[in-house]
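First up is the structure itself, then whatever we jot down about it.
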Amino acid sequence: MSYLEELNEVQRKAVTHTEGPVMVLAGAGSGKTRVLTYRIAYLLESGVDPYNILALTFTNKAAREMKARISKIAGEDMAKSLWMGTFHSVFARILRFEADKLGFPSNFTIYDSDDSKSLLRTLIKEQNLDDKVYKVNQVQNRISSAKNSLISAEQYQNDTFIYNEDLQAKKPMLGKLYGMYVKRCFKSGAMDFDDLLYLTNILLRDQAEVLLKYQDKFRYIMVDEFQDTNYAQSNILKMLAARHENICVVGDDAQSIYAFRGANIQNILNFKNQYPDVAIYKLEQNYRSTKNIVQAANQVISKNKEQLKKDVWTSNADGEQIKLVKCLSETEEGSFVAGEILDLKAKESINEDQFAILYRTNAQSRALEEALRKRNIPYRIFGGTSFYQRKEIKDILAYFRMAINPNDEEAFKRVINYPARGIGQTSVDRILIAASEEGKSQWEIVSDLEAAHLNINTGIRNRIKEFVDLIKSFQILASQDDAYEVGNHIASATGILKLFYSDKSPESVSRYENIQELLAGMKEFSEIPLEPDENPEENPRGLGSFIQDIALLTDTDVKDQKEDDQPKVALMTVHSAKGLEFPYVFIAGLEENLFPSQLSVNSRKDLEEERRLFYVALTRAEKRAYLSFATTRFRYGSMVYSEPSRFLSEIDQSLIEMPKRMSGEQRTTSSSYKLSRQAIPRKLVKPTASGNGVSGAAMDQIKIGTRVNHARFGRGEVVGLEGELPNRKATVDFKGIGKKQLLLKFAQLQIME
DNA sequence: AGTATCGTCGTTTTT
DNA sequence: CGACGATACT
């Protein structure tokens, strides 16, 4: 086991201490991933069956990378059989096995957060609630945190404390919404992200034999980024580990940055209360950064009250001072960053992939991107709208979902009249009402039209039947063929492909390309050779497996098909930079109310999380860190003045250097900047309807040759008439505009004397 | 029925 | 400012 020699003493102890509860407190850059990897390899070499090891990571990417490294040490076969993945993906897998015990189909859909929102929007409307009071995002948050705290809808509704909270917030119906939301998801055979954790808890809590089975299976449990687990997650761990207690959690309380998502820093702070005989190893030697960076980061984090004591140090060189840059605007900030990158590339031949630009909010990326683009610096943005969230992709995925689970209400909503097949809003609403009255899903209503009490005419009835037949044909294909064949068929049979192919507008071209990219991904998926443990009967390369596979992917996991090998500057939020490292790091927008965020400055707890976030940002840097702030910045469309972030003053001045500003040293003394240049709201000049429109009675007075006036097109002469009243259409030749066809009942034409 | 325009809202952060 | 949902229009 030669790799043990690559470890320092504490690392080696953490790796070889395999029995009983272990907590590894790993400072930034202290070789945490290496410890986890080697620990798993060590277990395997000690004869532990890979099937008995569960390793949970925070991102799919981390899981993939770790698997790759274990393959190298312990062999591919071993690595393949490990249960390794994110909480969500591992427990989704288990839930599929055990779905029937919860009354769910094993091919349940996973609602992403847009699907949940859409369902909530529907429910709010159905209940005739004011959507200004019941804001979808807030409702979703409330339900999400209830689930993360393992509070069921019934408990929620019966809890007077919660009810009073909601009452005070003037939202007494939240409990009811929660209950309805759960019911509708159930009826749709759908789980949202939180359900994957919540329902796993329910499953393990209520089904003793299931719990026993997985307790026995997962004899060794390892958890990465433990500081970011929430109650639902830590409770799963507690239950699973209760039998063997071979649980090893790795984390850094100083890097806990997901409290907003329910992550509870107390999980790590209290781990030793839960397991009194826990062995704690502190990895304090940083191998990543220079002394200056480590020291600056330590100074920052020391301002936090809530933390476990740790002493991060490094034997690396002192390195350079941290560069602090003041800019006048976000544009100038972008110019500085881009200019600096060009400079370093030219003078020290540093490649683009050595740089990362980090920011607090995604909205900041725009100005930075523009600056890079202007100078032709290749870059790649992580985050933002993911490939799978694009409309054209979600639409076609909705057909895939219908083929696998037609009860999926959100998918149904998307495809019932897309592409347009003449089933209008009114008919869709009637189907929805019928479904809710009869306690069925919308699919159950339309697939048995004869039985349903639907007030719709035969024309629409037939179109619905065609739709049902179409979906049924997809279902049959999906059960037999591989994902690529079915996907290809659906793309053409629905007419979606043609829709974008025939239109040559740039958006359509790009949508067409995106669909082709999706199909290429499906092809790749379908061609993966079968594993010995996969049952061909279950069509493991079919559409169902495909959509299950991609449901939990984020954009950082998606391989960009257009990716070339050209090195690129990385742009991302600090959150998505967690776990990564770069030689040169720019942290942009270090301003009060931005970093720390405006929403966090009023509470010590939130502020401490912002500080940890800054700590994470700073500790990504290996060689050099740039901190920049702008004195003015556009926000909500108007310019605001900003103060430098308080975090900047938490670093000792001796570690900081303010380099001379690059280009044109504009003086900031000009008092003209004091004048607030508030954006003046555009005055809207409403074209007032002049005179009365032509009423029903007057419509028949319009003849060919009648001279008329139109509010927008001005004066013209009627040159043609067709159709019967009240739906008569007139062709009017407008002066200087040309002929227009207008429906008389809408056009509000004024007859000229 | 489908499109253009209007109006509102928001910004953390993501599995 | 920009995205997106609601509405107004044809």
From the options [options], select the nucleotide whose nearest atom is closest to the side chain of [X].
X        : options               : result
A:Ala363 : C:dA6, B:dT15, B:dT11 : B:dT11
A:Asn417 : B:dT13, B:dT15, B:dG2 : B:dG2
A:Arg366 : B:dT14, B:dT15, C:dA3 : C:dA3
A:Lys135 : B:dT8, B:dT15, B:dG10 : B:dG10

[X]/[Y] ion pair, N-O < 4.0 Å:
X        : Y        : value
A:Lys125 : A:Asp131 : no
A:Arg366 : A:Glu369 : no
A:Glu608 : A:Lys605 : no
A:Arg401 : A:Asp115 : yes

Touch class at under 4.0 angstrom, heavy-atom based, for A:Lys578 against every strand present: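 Here A:Lys578 touches no strand at all.
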Touch class at under 4.0 angstrom, heavy-atom based, for A:Phe87 against every strand present: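 Counting heavy atoms under 4.0 Å across all strands, no contact is made by A:Phe87.
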Neighbour count >12 (heavy atoms, 6.0 Å) for atom CD, A:Gln266: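 Yes.
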Neighbour count above 12 (heavy atom, 6.0 Å) for A:Tyr134 OH: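 Above 12, so yes.
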Gap between atoms [atom1] and [atom2], on [X] and [N] respectively (whole Å):
X        : N      : atom1 : atom2 : result
A:Arg121 : B:dC9  : CZ    : C1'   : 12 Å
A:Phe260 : B:dT11 : CZ    : C1'   : 13 Å
A:Tyr359 : B:dT13 : OH    : P     : 10 Å
A:Phe58  : B:dT15 : CZ    : C1'   : 7 Å
A:Lys117 : B:dG10 : NZ    : C1'   : 11 Å
A:Phe382 : B:dT14 : CZ    : P     : 13 Å
A:Tyr636 : C:dG2  : OH    : C1'   : 13 Å
A:Phe595 : B:dT11 : CZ    : C1'   : 15 Å

Residue whose nearest DNA chain B nucleotide is more 5′ - A:Gly424 or A:Arg261: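 Counting from the 5' end, the first nearest nucleotide belongs to A:Gly424.
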Residue whose closest nucleotide on DNA chain B lies nearer the 5' end, A:Lys132 versus A:His575: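 Residue closer to the 5' terminus by nearest nucleotide: A:Lys132.
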Indicate whether OP1 or OP2 belonging to [N] is found under 4.0 Å from a side-chain N or O atom of [X].
X        : N      : result
A:Ser576 : B:dT14 : yes
A:Asn230 : B:dT15 : no
A:Asn362 : B:dT13 : yes

Atom C1', compared across B:dT11 and C:dA6: separation rounded to whole Å: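 Per the computed distance, 22 Å lies between those C1' atoms.
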Partner nucleotide of B:dT11 by Watson-Crick or wobble geometry (both distances under 3.5 Å):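 Base-paired to nothing in any strand shown.
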